[in-house]
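Worth knowing before you read on, the calculation uses all heavy atoms, side chains too, and leaves out hydrogens, waters and symmetry mates. Here is the naming used below: chain letters follow the sequence lines, and residue numbers restart at 1 for every chain.
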Number of protein chains: 2
Amino acid sequence: MNGARKIERVVLGDQVYEAIKERILDQAYAPGEKLNVDGLARELQVSSTPIREALARLVAEGLVKAEPFIGFATAPLPDRRYYEDVYSFRGVIEPWAAAQAARSRPGPDVIAALRDEVAAMMAGEPSREYRSHRGFTEADDRFHRIILQAAGNQVALKSYDDLRFHLHISRLYLTREQDVGLTHQEHFRIVDALEAGDPDAAAQAMRLHLEGSYERLIK
Amino acid sequence: MNGARKIERVVLGDQVYEAIKERILDQAYAPGEKLNVDGLARELQVSSTPIREALARLVAEGLVKAEPFIGFATAPLPDRRYYEDVYSFRGVIEPWAAAQAARSRPGPDVIAALRDEVAAMMAGEPSREYRSHRGFTEADDRFHRIILQAAGNQVALKSYDDLRFHLHISRLYLTREQDVGLTHQEHFRIVDALEAGDPDAAAQAMRLHLEGSYERLIK
DNA sequence: CATTTCAAAATCATGCACGATCCAAGATGC
DNA sequence: GCATCTTGGATCGTGCATGATTTTGAAATG
């Protein structure tokens with residue numbers, strides 16, 4: 001027929017979910033801060049049911065913790081050990097994904113999308129202001145996600161998505177000015193290897209990038 | 001003070017969650033079957049609120065799909081492509097995890113636990129009956145999980161847990177009598193390599209086991 | 001006077017019943 | 001036979017009741 005636009009049926013719970021999620025990612029709440037259901041209901045002008053549904057979903061995503069008969073609270077800031085584990089895990093998955101992506105000979109659209117994200121990261125003004133940091137980390141996030149997507153393994157992609165939000169929170173705090181240049185170089189090498197369709201080079205470039213990221217994170 | 005026993009706080013939503021989850025894993029519902037909220041509420045003698053909360057959690061775990069204003073339904077049976085992706089992913093994570101576990105020199109308690117699970121799989125009578133198949137797959141599941149745990153990476157462990165339920169469903173259907181012996185041999189080799197603390201042998205044994213599992217699954 | 005104890009009230013999470021809204025299917029009309 | 005309308009049934013959201021938790025505040029003790 002035609003490319004009919006889908007009538008987006010809006011469920012209240014979804015909107016509440018997005019609203020609360022954005023607040024958490026924006027650091028509007030301190031880590032571990034208690035989330036009052038009735039209070040959120042009043043603030044967002046809805047009943048408590050959609051709030052609870054949204055919070056339940058956030059619990060499943062790991063952004064919120066729930067204690068029976070006590071309530072919800074934002075997830076505590078992960079400890080150093082957790083970041084170790086995250087980067088070990090990424091150090092296994094992402095080089096493999098980069099190799100898979102290179103093997104599948106990514107089309108020019110994928111390469112262009114990756115270069116766009118790198119450009120977006122470079123376009124961010126060197127500033128300590130919050131917004132630009134957020135733009136940087138979001139572009140970096142999308143960069144890595146595009147590669148996972150190009151690898152064509154939906155299970156790996158989903159497992160990466162589960163980590164994204166946690167990383168996002170930490171990276172908001174930890175992006176440093178002097179490290180930006182190194183990050184760009186590493187990203188360029190990855191894109192080049194993907195464009196060349198060289199699996200080994202792509203895996204190696206990704207490995208170096210993640211090791212570099214981790215070094216910059218923990219120092 | 002003392003080793004006070006924890007007062008198990010019972011939230012209705014948790015019990016409903018466990019009840020529905022067990023039903024799904026027991027194949028009480030066909031894949032894709034619609035889940036009526038009011039019906040479940042009547043069956044389980046509770047209101048619709050705990051039902052919806054439980055279903056929301058199951059949606060987040062991927063066992064249930066939700067469509068706005070239409071309702072909940074059990075997740076459709078994954079297609080062949082999905083299993084391909086799962087085993088590719090496991091083929092990356094689990095050999096690495098086995099190597100990590102071997103490197104950390106697992107204690108005799110871990111080795112004993114692994115041998116227990118292998119014994120549990122062998123103890124299952126050769127039968128087509130449902131219960132024994134279930135026992136087999138659950139022991140196999142625990143076997144792999146113990147190794148992920150011994151690797152000491154909580155991120156990898158969580159990502160494996162996300163796959164378990166889906167695998168559980170498929171394996172219920174697909175365990176074959178003549179394949180059991182091969183599985184045992186592969187498991188033994190893995191345990192031996194772990195006990196010897198040989199990372200390369202452990203990774204290789206795990207790789208062979210997963211390749212074998214996949215071959216047996218798709219034929 | 002400072003500190004602990006204990007009870008009562010306020011606060012909040014949880015569960016339930018009801019009304020509103022929306023989708024699906026059968027009936028009606030042309 | 002096809003389009004439209006209506007009815008049935010289910011989902012979604014609200015308000016309220018209940019029970020658990022936490023805090024407040026006053027009395028009692030060292």
Side-chain angles (χ1 to χ4, degrees), chain A residues 1-2 4-21 23-24 28-76, chain B residues 1-2 4-21 23-24 28-30 32-61 63-76:
Chain A
M1 305 233 283
N2 56 359
R5 62 166 172 274
K6 286 186 184 172
I7 309 274
E8 269 307 323
R9 192 68 51 224
V10 187
V11 182
L12 209 48
D14 289 350
Q15 302 179 53
V16 174
Y17 166 79
E18 295 292 341
I20 299 178
K21 185 169 172 179
R23 287 188 183 194
I24 294 176
Y29 305 107
E33 185 175 340
K34 195 142 184 298
L35 296 174
N36 188 306
V37 173
D38 283 346
L40 285 169
R42 273 191 298 274
E43 277 186 69
L44 299 176
Q45 305 277 352
V46 295
S47 172
S48 59
T49 304
I51 304 284
R52 283 179 351 219
E53 187 202 320
L55 288 175
R57 289 170 61 181
L58 289 166
V59 167
E61 281 185 13
L63 283 176
V64 170
K65 296 292 172 191
E67 201 75 23
F69 287 92
I70 299 213
F72 300 90
T74 58
Chain B
M1 305 239 282
N2 56 358
R5 60 166 170 275
K6 282 187 183 171
I7 309 263
E8 268 307 322
R9 194 128 353 273
V10 186
V11 182
L12 210 49
D14 289 350
Q15 303 179 52
V16 174
Y17 166 78
E18 295 293 343
I20 299 178
K21 185 170 172 178
R23 287 190 182 192
I24 295 177
Y29 305 107
E33 184 175 341
K34 194 141 186 298
L35 295 174
N36 189 308
V37 174
D38 283 345
L40 285 170
R42 273 190 298 276
E43 276 186 70
L44 299 176
Q45 306 278 351
V46 294
S47 169
S48 60
T49 304
I51 303 283
R52 295 202 314 240
E53 186 202 322
L55 288 174
R57 288 170 62 181
L58 289 166
V59 167
E61 280 184 13
L63 284 176
V64 169
K65 296 292 173 192
E67 201 75 23
F69 287 90
I70 302 232
F72 300 90
T74 58

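Tyr17(B) places its OH atom 16 Å from the P atom of dT14(C), with the value rounded to the nearest Å. Per the geometry, CZ belonging to Arg57(B) stands 11 Å off P belonging to dT14(C), to the nearest Å. Taking atom CD1 of residue Ile51(B) and atom P of nucleotide dA10(D), one finds them 14 Å apart after rounding to whole Å. The CD atom of Glu33(A) sits 13 Å away from the P atom of dC12(C) (whole-angstrom rounding).
In this structure, the separation between CD on Glu53(A) and CG on Leu55(B) is 10.5 Å, given to the nearest 0.5 Å. To the nearest 0.5 angstrom, Ile51(B) atom CD1 is 10.5 Å from Arg42(B) atom CZ. Between the OG1 atom of Thr49(A) and the CG atom of Leu12(A) there is a distance of 10.0 Å, given to the nearest 0.5 Å.
Enclosure of atom NZ in Lys65(B) is not indicated, since only 12 or fewer non-hydrogen atoms of other residues, nucleotides or ligands lie within 6.0 angstrom.
Within 4.0 Å (heavy atoms only), Leu55(B) reaches no atom of the nucleic acid at all. Using a 4.0 Å heavy-atom cutoff across all strands shown, Leu35(A) reaches sugar-phosphate atoms only and no base atom.
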Under 3.5 Å donor-acceptor pairs involving side-chain atoms of residues 28-41 of chain A, not counting sequence neighbours:
{"residue": "Tyr29(A)", "atom": "OH", "partner": "Arg23(A)", "partner atom": "NH1", "Å": "2.9"}
{"residue": "Glu33(A)", "atom": "OE1", "partner": "Ala30(A)", "partner atom": "N", "Å": "2.8"}
{"residue": "Lys34(A)", "atom": "NZ", "partner": "Ile70(A)", "partner atom": "O", "Å": "3.3"}
{"residue": "Asn36(A)", "atom": "OD1", "partner": "Asp38(A)", "partner atom": "N", "Å": "2.9"}
{"residue": "Asn36(A)", "atom": "OD1", "partner": "Gly39(A)", "partner atom": "N", "Å": "2.8"}

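Between Asn36(A) and dA13(C) there is a side-chain N or O to OP1 or OP2 distance below 4.0 Å. Not one side-chain nitrogen or oxygen of Lys34(A) sits closer than 4.0 Å to the OP1 or OP2 atom of dC12(C).
Using a cutoff of 4.0 Å between basic side-chain nitrogens and carboxylate oxygens, Lys21(B) and Asp14(B) are not scored as salt-bridged.
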Counting primed atoms, P, OP1 and OP2 as sugar-phosphate and everything else as base, the B/S/- map of nucleotides 12-17 of chain D against protein heavy atoms under 4.0 Å is BBBB--
